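Computed over heavy atoms, backbone and side chain alike; hydrogens, waters and symmetry mates excluded. Positions are given from 1 along the sequence. What you are looking at is a predicted structure, and each value in this text was computed from that prediction instead of being measured.
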Amino acid sequence: MAAGLPALLLLLLAGLTAVNAVSTQASCLHTAREAALAAARGDSDADGERAAPPGAEVSVSVDGDRVQATVRAPVRALGARLPRITVVATVVAAVEPGASEGDW
């Protein structure tokens, strides 16, 4: 019993960290999708940082008729000494016809 409780606690912390990473990944994907679609429409607010998770970096690039949005966010592991995990989501969208190119 004394050896099993620390192992159980370690598994619990690993599971909670995994759940946190998955929810952050979903948030990054949502943010990247919004940023790519906004840039594809030619909106001036193409950063999408309003919906980004805390500490996330949003980058939007245009290459010809494609827009690529990438969001990177750190996930803190549930443990003071464990390293941070970085999740990344990338979305590509086609530039819509009539979108002004000067807004990117």
Apply side chain to side chain contact (heavy atoms under 4.5 Å, CB included) to [X] and list each qualifying residue two or more places apart in sequence or on a separate chain.
| X | answer |
| --- | --- |
| Val19 | none |
| Gln25 | Val87, Ala89 |
| Leu16 | Leu12, Leu78 |
| Ser61 | Gln68 |

Side-chain heavy-atom pair Thr17, Ile85 within 4.5 angstrom cut-off:
yes
State, with a plain yes or no, whether a side-chain heavy atom of Val92 is found less than 4.5 Å away from one of Val67.
no
Who else is in the cluster with Leu29 when I, L, V, M, F, W and Y are joined by side-chain contacts under 4.5 Å?
Val91
Under 4.5 Å between side-chain heavy atoms, chaining through other members, with only Ile, Leu, Val, Met, Phe, Trp and Tyr counted: pull out the rest of the cluster around Leu5, sorted by chain and number.
none
Check for a donor-acceptor pair, side chain of Ser27 on one end and backbone N or O of Ser23 on the other, with a separation under 3.5 Å.
no
Enter the distance from Cys28:SG to Arg33:CZ here, rounded to the nearest 0.5 Å.
12.0 Å
Same cluster or not: Val95 versus Leu37, using hydrophobic residues (I, L, V, M, F, W, Y) connected whenever any side-chain heavy atoms lie under 4.5 Å apart?
no
Considering non-hydrogen atoms only, spot the tightest contact between [X] and [Y] and give its length.
| X | Y | result |
| --- | --- | --- |
| Thr24 | Ala73 | CG2-CB, 3.9 Å |
| Ala32 | Ala69 | O-CB, 3.4 Å |
| Ala35 | Val60 | CB-CG2, 4.1 Å |

Step-by-step side chain to side chain contact (heavy atoms under 4.5 Å, CB included) determination, Val88 to Val71
CA-CA 6 Å; Val88 179; Val71 179; over 6 Å; no
